[in-house]
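Below, read A as the first sequence line, B as the second, and so on, with proteins coming before strands; counting in each chain starts at 1. We use all heavy atoms of the structure for the numbers below, so side chains are in, but hydrogens, waters and symmetry mates are not.
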2 protein chains.
Amino acid sequence: MSINVTIKDVARAAGVSYSTVSRVINNTANVDENKRQRVIDAMKQLGYVANLQARSLAGGRSQVVGMLVPDLGNGYTGTILQGVNAEATANEYEMMLYTTHHRKVKEPLYVQTLTRGMTDGLLLLLPVDPGAYLESLRGKNFPYVVIDHQGFDTFSPTVVSTNRQGAYDGTTYLIELGHRRIGFVSGSNHTSSAIERLRGYRDALEAHGLSYDEQLVVPGNFDQPDSYRAGLRLLDLPERPTAIFATSDISAFGVIDAVHERGLRIPDDISILGFDDIPQAEWINPALTTVRQPLYEMGRRAMKMLLDYIEEPDAPTQRLVLSTELVIRATCRRITD
Amino acid sequence: MSINVTIKDVARAAGVSYSTVSRVINNTANVDENKRQRVIDAMKQLGYVANLQARSLAGGRSQVVGMLVPDLGNGYTGTILQGVNAEATANEYEMMLYTTHHRKVKEPLYVQTLTRGMTDGLLLLLPVDPGAYLESLRGKNFPYVVIDHQGFDTFSPTVVSTNRQGAYDGTTYLIELGHRRIGFVSGSNHTSSAIERLRGYRDALEAHGLSYDEQLVVPGNFDQPDSYRAGLRLLDLPERPTAIFATSDISAFGVIDAVHERGLRIPDDISILGFDDIPQAEWINPALTTVRQPLYEMGRRAMKMLLDYIEEPDAPTQRLVLSTELVIRATCRRITD
DNA sequence: CTGAAAGCGCTAACAT
DNA sequence: ATGTTAGCGCTTTCAG
């Protein structure tokens, strides 16, 4: 394995011109079978590895996709990333990762850099304020896919899950267990998933003839500390709920902290339901009952979709909706009176 | 913001040659202040963004570092990644991410691709079998840093934490709480961190006049299911340990499952001590007492070190050792007899 | 079917 | 101080 073997080295070794080598690499035209074989042998022997930069600069594909995530270190992002990564690897694509740490201002800049030759396409997870640059990407006809889109534009290819139905199912489950006062720790009001989940909750209440009580809905922002406070507020209500539906697992962890703080037991004194099913959901004790989003699959499918767009940039806008699923574990319990 | 503004467009707009533009971008030579300003204005006005590919092809820096991680979706990798990312961003570096999923064979291939022009340096987290390509990297004088090195080579720049001391401190803590029979769920015997931690455990026992009992040491491979089984084995011992030291938090979660399976309470019936302090450690209830590795800091410092090597490839090999720290939460308790 | 040549956007000599 | 030129490694015309 020598240092920096180029296409020219291969050409020399195989006794052909270097454009012929390019042809066999890219399978872009017919090459004499004999020569083709010689080239392949030479590549193998010299340990040729393509220089992706040069390739992409010359107008080919860079074989790299960019991915913008809000943060790392939590199961949500991690699991989606795994899905993306699996599909990328399977298609000989590399992944370039950017973290915005929820800082709005960074997104446009990153998107700019990423689309300047570096990448063939872009995956955006939970973008904070995509309006600014999504249109520009679209204008350039630059391939991108949004995962868990938090806005409502109709022109962006998107992979989401059935937030509303999931919340509906979760709430219904609690109702069927006999709960009548169900606390709801909501996400931030600006994101569509939060709004959808709240809607699902309300739908379910209504469908079962329960009235919506504003007091029972407290914002948790998909954040543990915020949700801890939200939990406390719900628990300290004059008429305490018998169940709390936290709309993300992280949020549920915060609520669980609050429950313990108040010296209550789960699920004996109160039932807790989460949303997402990140890996940690089954690590805690008792294991968290939650509405599962197919995170890994969302990542995988988004990458697949992006690959399609890279292949065919003018394909019509797709919107893939994956199903959520109630995962019953140990934090919810039937009301017995 | 037009489409694909190049250095030439800027040059034309500013009325200078395009090498002058390059000069002001890279601050590589003195430029007439007047012209410099015109160039800067033109860049701003046209929305110029550098094409990193071209830059790196032409011999400059790509401003990208590659990072190889065993997996994603767990707090260990995620936290380190955050540290790396923070330092990278602060230095206007991008990060290219590769996941090996613990598959040995992939590593060399990835390393090849990454070092073929694409990146200025490489960060390796917990490499499985680095011997194969580390020497080659070194031979090329290609900058790289290993985080949490699992081997024992002396020529690779490395960032690690005080595994042995950490295990020593943890064990000592348990002994000081009055524990005499302390189970130990070890990592895999092939990794240096696992070996170091076991050594720390033995050292502490010896220092306190306790004998080493082979029965109390069970392999858990830093893996939850394996550690669950390990926990069961320890709990079912004729003379059950009063405390179990799991050498990773993930491992501790497995042991905790086992404890619950046997109907025991933590910390009343048995004390549990982890290692790492991943974010989830404080999410569980009771919150996990654990030996903290400064994961975020390890990532940050590794990236910093890498930047140094990129600047000065011939700098001598550094080995940075960061301190672990015992984080006392709620899973360990004094023995009262 | 294949070689020669142009050029992707940029940096770094080399001139001036 | 600044313009000109030669590549970096590759893809893609364009001739033959």
With a 4.0 Å cut-off, would you call Asp41(A) and Arg38(A) a salt bridge?
no

Along DNA chain C, first and last positions that approach a heavy atom of chain B under 4.0 Å:
dG9(C) to dA13(C)

Please, which pairs that meet side-chain hydrogen bond (donor to acceptor under 3.5 Å, both in side chains) have at least one residue in residues 14-23 of chain B, sequence neighbours excluded?
Ser17(B)-Ser19(B), Ser17(B)-Thr20(B), Ser22(B)-Asn26(B)

Computed from five pairs at either end and rounded to 10 degrees, the angle between the axes of the helix from dC1(C)-dG16(D) to dT16(C)-dA1(D) is 50°

Partners meeting side chain to side chain contact (heavy atoms under 4.5 Å, CB included) with Ser161(A) (sequence neighbours left out):
Asn163(A), Gln293(A), Pro294(A), Met298(A), Thr324(A)

Partners passing side chain to side chain donor-acceptor pair (under 3.5 Å) against Ser188(B) (at least two apart in sequence or in another chain):
none

Can you name the side chain to side chain donor-acceptor pair (under 3.5 Å) partners of Ser193(B), sequence neighbours left out?
Gln150(B)

Under the ring pair (Phe, Tyr, Trp, His ring centres under 6.0 Å) test, which residues partner Phe222(B), sequence neighbours left out?
none

Lys304(A): what forms a side chain to side chain contact (heavy atoms under 4.5 Å, CB included) with it, not counting sequence neighbours?
Glu87(A), Arg300(A), Arg301(A)

Of the residues in residues 37-44 of chain B, which ones touch DNA chain C at a heavy-atom distance under 4.0 Å?
none

Give a yes or no on this: more than 12 heavy atoms of other residues, nucleotides or ligands lie within 6.0 Å of atom CD of Glu135(A).
no

Side-chain contact test, heavy atoms from C-beta onward, threshold under 4.5 Å: evaluate it for Pro127(A) versus Val146(A) and give yes or no.
yes

Taking only residues two or more places apart in sequence, or in another chain, which ones meet Arg319(B) in a salt bridge (charged side-chain N to carboxylate O under 4.0 Å, His left out)?
none

Does the side chain of Leu124(B) reach to within under 4.5 Å of the side chain of Tyr133(B), using non-hydrogen atoms?
yes

Inter- and intrachain pairs under side-chain hydrogen bond (donor to acceptor under 3.5 Å, both in side chains), touching residues 48-59 of chain A, at least two apart
Gln53(A)-Ser56(B), Ser56(A)-Gln53(B)

Where protein sits on nucleotides 3-10 of chain D, one letter per nucleotide: B base, S sugar-phosphate only, - none, heavy atoms under 4.0 Å:
BBBBBBBB

